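Numbers restart at 1 for each chain; the letters A, B, ... are given by sequence-line order, proteins then strands. The structure presented is a predicted model; accordingly, all values stated were derived computationally and were not measured.
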Number of protein chains: 2
Amino acid sequence: MLLRHPHITEDCRAVSEILQRVGDKWTVLVVGKLGDGAMRFNELRAAVGGISQKMLTTTLRGLERDGFVTRKVFPTIPPRVDYELTELGHELLVPVGALGEWARKNTNRVREARAKFDSQQA
Amino acid sequence: MLLRHPHITEDCRAVSEILQRVGDKWTVLVVGKLGDGAMRFNELRAAVGGISQKMLTTTLRGLERDGFVTRKVFPTIPPRVDYELTELGHELLVPVGALGEWARKNTNRVREARAKFDSQQA
DNA sequence: CAGAATCCATGTAGATACTG
DNA sequence: CAGTATCTACATGGATTCTG
């Protein structure tokens, strides 16, 4: 590998895949909330805000399937289900957090570039 | 902010937004290729591989709009258009690269979790 | 409470054909 | 060469209804 950016160019597809995985509308929001500890379904729903029941279920199932989240069912009445980040889930938070930090710092630069571009399109 | 993961929980929406921005099918692939220097349209198309004309145009326009890429047109015949990463584009490569590194290291763990989950679903 | 199931609107991506 | 325009297929997301 005699490329200038081996950390980027080498197997770029793997990057693209996890970015698509965590790049949907709710995943990082849910993982972010779970970063502070286990939560119940509706507790999580309220914390995230604006997410439908169906999408929270879908998102959590996906995260569970990929090993980022554990699902613990308490067979009580009414039922109680706790969701918690796995070790893998916590580890994912590190690079995602770094990207998030970058995002917060550069939101304005993107916004400005966008405004400039849009005005030039006339 | 007295949260345990302020770098994650604080304005999680901004993270979600750029993740959706770069989390489409082609963006990181294109940015990754451009990481090594300027390229022409069809050169980039061949380098990425599998991308349609339309999607490359769409992806590049989006990147240009957000200030990640510059578009330089040479009014020759046949026409020539060079695309190149901006400073902002290069900076974006840093956190994205980190996430990519994480992705490559943990692809197997995700794959295993997935296989386990799927087998348990009967 | 925590979902499953269904239906529907929208967005995203690809194929194809045409052009300065 | 580097696009634009159009059409179509499929995936994503939301609203609603029902249930153990």
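The nearest whole Å value for the distance from the CE atom in M39(A) to the C1' atom in dC1(C) is 15 Å. Regarding I77(B), its CD1 atom lies at a distance of 15 Å from the P atom of dG3(D), rounded to whole Å.
Residues from residues 41-72 of chain B that place a heavy atom under 4.0 Å from any atom of DNA chain C, listed by number: Q53(B), K54(B), M55(B).
Ion pairing of E17(B) with K25(A) is absent here, as no side-chain N (NZ or NE/NH1/NH2) approaches a carboxylate O to less than 4.0 Å. A salt bridge between K116(B) and D118(B) is absent, with no side-chain N of the basic residue lying under 4.0 Å from a carboxylate O of the acidic one. Contact check on D82(B) versus K72(B) returns no salt bridge, with no Lys/Arg side-chain nitrogen under 4.0 Å from an Asp/Glu carboxylate oxygen.
Summarising the geometry of R21(A) relative to L63(A), their closest heavy-atom pair is NH2-N, 3.2 Å, with the distance given to 0.1 Å. Contact between A103(A) and I18(B) at its shortest, heavy atoms only, is CB-CG1, 3.3 Å. Here the closest non-hydrogen pair linking R61(A) and Y83(A) is NH1-OH, 3.6 Å.
Contact annotation for F74(A): no contact, since no heavy-atom pair falls under 4.0 Å across all strands.
Note on R40(A): a side-chain N or O is less than 4.0 Å away from OP1 or OP2 of dA2(C). Taking side-chain N and O atoms only, Y83(B) has no distance below 4.0 Å to OP1 or OP2 of dC1(D).
V73(A) and M39(A) fall within a single hydrophobic cluster, where Ile, Leu, Val, Met, Phe, Trp and Tyr side chains are chained together by heavy-atom contacts under 4.5 Å.
Looking only at atom types and distance, the side chain of Q20(A) has a donor-acceptor partner in the side chain of S16(A) under 3.5 Å away.
With dG3(C), dC1(C), dG14(D) as the choices, the nucleotide that has an atom nearest any side-chain atom of W26(A) turns out to be dG14(D).
Comparing D24(A) and P79(A) along DNA chain D, the residue whose closest nucleotide (by nearest heavy atom) sits nearer the 5' end is D24(A).
End-to-end axis angle of the helix from dC1(C)-dG20(D) to dG20(C)-dC1(D), from C1' rotation axes over five pairs per end: 50° (rounded to 10 degrees).
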